[in-house]
Visitor: 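Attaching a single structure in structure tokens format; questions to follow.
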Amino acid sequence: MEAEAELTKEQKQRKFDVRYLEMARIWAKNSYCKRKQVGALIVKDRQIISDGYNGTPAGFENVCEDENNITKQYVLHAEANAITKVAKTNNSSENGTLYVTTSPCIECSKLIIQAGIKKVVFAELYSRHEGLELLERAGVEVVHLPDEEARKHNRDQ
């Protein structure tokens with residue numbers, strides 16, 4: 001406990017960021033998608049208020065790719081699933097933090113902004129960066145926490 005008390009506010013926050021991102025990675029394993037499994041958590045006041053992973057809409061078959069291994073157009077991203085899931089509850093994502101295994105695309109970034117999420121922590125860069133640029137333009141704090149940095153942080157703790 002003494003070592004915990006000696007941590008700065010930033011170090012404590014980084015520790016939480018690493019842990020929640022680890023949980024998002026575990027949550028990604030629920031995805032039926034073969035090409036890429038992505039997980040997301042929305043956290044507010046250090047409580048998980050929503051979760052999501054990439055996959056098909058409710059009621060659809062759990063098959064994300066077609067016979068040519070192309071992702072079907074109606075597959076939802078993990079961030080969209082988490083945001084729409086919280087919208088069905090009494091919770092609010094206003095001023096929350098989104099932890100996602102892959103950086104958001106432009107469409108998910110629009111949803112993040114509209115949902116009032118103020119911080120996004122991600123591990124892996126998506127192939128396109130327009131989503132990150134939009135988030136930064138909107139004043140959303142963006143934190144890239146690559147797997148190597150998370151592993152280093154865990155070793156140092």
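These figures come from a predicted structure and were not determined experimentally. Computed from heavy atoms alone, side chains included, the values below leave out hydrogens, waters and symmetry copies.
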Visitor: Holding to disulfide (SG to SG under 2.5 Å), I want the full list of residues that pass it with C64, two or more places apart in sequence or in another chain.
Guide: C33
Visitor: Taking the side chain as every heavy atom from C-beta outward, state whether L125 and L132 have any pair of such atoms under 4.5 Å apart.
Guide: yes
Visitor: Any donor-acceptor pair under 3.5 Å linking the side chain of K85 with the backbone of G52?
Guide: no
Visitor: Before you tell me yes or no, could you show the steps for M23 and I48 under side-chain contact (heavy atoms from CB on, under 4.5 Å), namely the whole-Å CA-CA distance, both residues' side-chain angles and the distance that decides it to 0.1 Å?
Guide: CA-CA 10 Å; M23 287 190 265; I48 298 169; 4.0 Å; yes
Visitor: Is the backbone N or O of A28 less than 3.5 Å from a side-chain atom of S31, with the two atoms forming a donor-acceptor pair by type?
Guide: no
Visitor: Can you measure from CD (E141) to NZ (K118) and round to the nearest 0.5 angstrom?
Guide: 11.5 Å
Visitor: Does S93 reach the main-chain N or O of G96 with its side chain, forming a donor-acceptor pair under 3.5 Å?
Guide: no
Visitor: When rounded to the nearest 0.5 angstrom, what is the spacing between CG in N81 and CG in N30?
Guide: 11.0 Å
Visitor: When you compare the side chain of I106 with that of L134, does any pair of heavy atoms fall below 4.5 Å?
Guide: yes
Visitor: Answer yes or no: are there more than 12 heavy-atom neighbours, outside E94 itself, under 6.0 Å from its atom CD?
Guide: yes
Visitor: Measure the shortest side-chain to side-chain distance between V18 and L145 over non-hydrogen atoms and say whether it is less than 4.5 angstrom.
Guide: yes
Visitor: Between atom CD1 of I117 and atom CG of L111, what is the distance when rounded to the nearest 0.5 Å?
Guide: 9.0 Å
Visitor: Quick one: does any side-chain atom of Q13 pair with a main-chain N or O of E10 as donor and acceptor, under 3.5 Å?
Guide: no
Visitor: Any chance you could lay out the side-chain contact (heavy atoms from CB on, under 4.5 Å) test for T97 and V120, step after step, and finish with the verdict?
Guide: CA-CA 6 Å; T97 299; V120 173; over 6 Å; no
Visitor: Between C105 and H77, is any pair of side-chain heavy atoms under 4.5 Å apart?
Guide: yes
Visitor: Is it true that a side-chain atom of K119 and a backbone atom of V142 form a donor plus acceptor pair closer than 3.5 Å?
Guide: no
Visitor: Heavy atoms, side chains only, cut-off 4.5 Å: are R35 and N69 in contact?
Guide: yes
Visitor: If two hydrophobic side chains count as joined below 4.5 Å and joins carry through other members, does W27 share a cluster with I83?
Guide: no
Visitor: Restricting to non-hydrogen atoms, name the atom on G131 and the atom on S109 that form the minimum distance, rounded to 0.1 Å.
Guide: O-OG, 2.9 Å
Visitor: Report the distance from atom CD of E79 to atom CD1 of I42, rounding to the nearest 0.5 Å.
Guide: 9.5 Å
Visitor: Test of understanding: clusters of I, L, V, M, F, W, Y form through side-chain heavy atoms closer than 4.5 Å, transitively. Do V140 and I49 belong to the same one?
Guide: yes
Visitor: Distance-only, no hydrogens or angles: does the S50 side chain make a donor-acceptor pair with backbone N or O of A82 under 3.5 Å?
Guide: yes
Visitor: Should the pair R137-E130 be classified as a salt bridge under the 4.0 Å nitrogen-to-oxygen rule?
Guide: no
Visitor: Between R25 and E22, does at least one N-O distance fall below 4.0 Å, as a salt bridge requires?
Guide: no
Visitor: Contact between T102 and K36 at the side-chain level, heavy atoms closer than 4.5 Å - yes or no?
Guide: yes
Visitor: Take L98 and L41, measure what side-chain contact (heavy atoms from CB on, under 4.5 Å) needs, and give me the verdict at the end.
Guide: CA-CA 6 Å; L98 175 75; L41 299 174; over 6 Å; no
Visitor: Just wondering, are more than 12 heavy atoms of other shown residues or ligands nearer than 6.0 Å to NZ in K34?
Guide: no
Visitor: If you link I, L, V, M, F, W and Y whenever their side-chain heavy atoms are under 4.5 Å apart, who else ends up in the same group as F60?
Guide: Y74
Visitor: Between atom CD1 of I113 and atom SG of C108, what is the distance when rounded to the nearest 0.5 Å?
Guide: 11.5 Å
Visitor: May I ask whether L21 and F16 are part of the same hydrophobic cluster, defined by side-chain heavy atoms of I, L, V, M, F, W, Y residues being less than 4.5 angstrom apart, directly or through others?
Guide: yes
Visitor: Please, which pairs that meet ring pair (Phe, Tyr, Trp, His ring centres under 6.0 Å) have at least one residue in residues 81-138, sequence neighbours excluded?
Guide: Y20-Y99, F122-H144
Visitor: If the threshold is 4.0 Å, N to carboxylate O, is there a salt bridge linking K12 and E6?
Guide: no
Visitor: Mind running side-chain contact (heavy atoms from CB on, under 4.5 Å) on I70 and E65 for me, showing each step along the way?
Guide: CA-CA 5 Å; I70 304 293; E65 296 85 9; over 6 Å; no
Visitor: Between the side chain of D66 and the main-chain N/O of N68, is any donor-acceptor distance below 3.5 Å?
Guide: yes
Visitor: Okay, side chain of N54, backbone of A78: is any donor-acceptor separation there less than 3.5 Å?
Guide: no
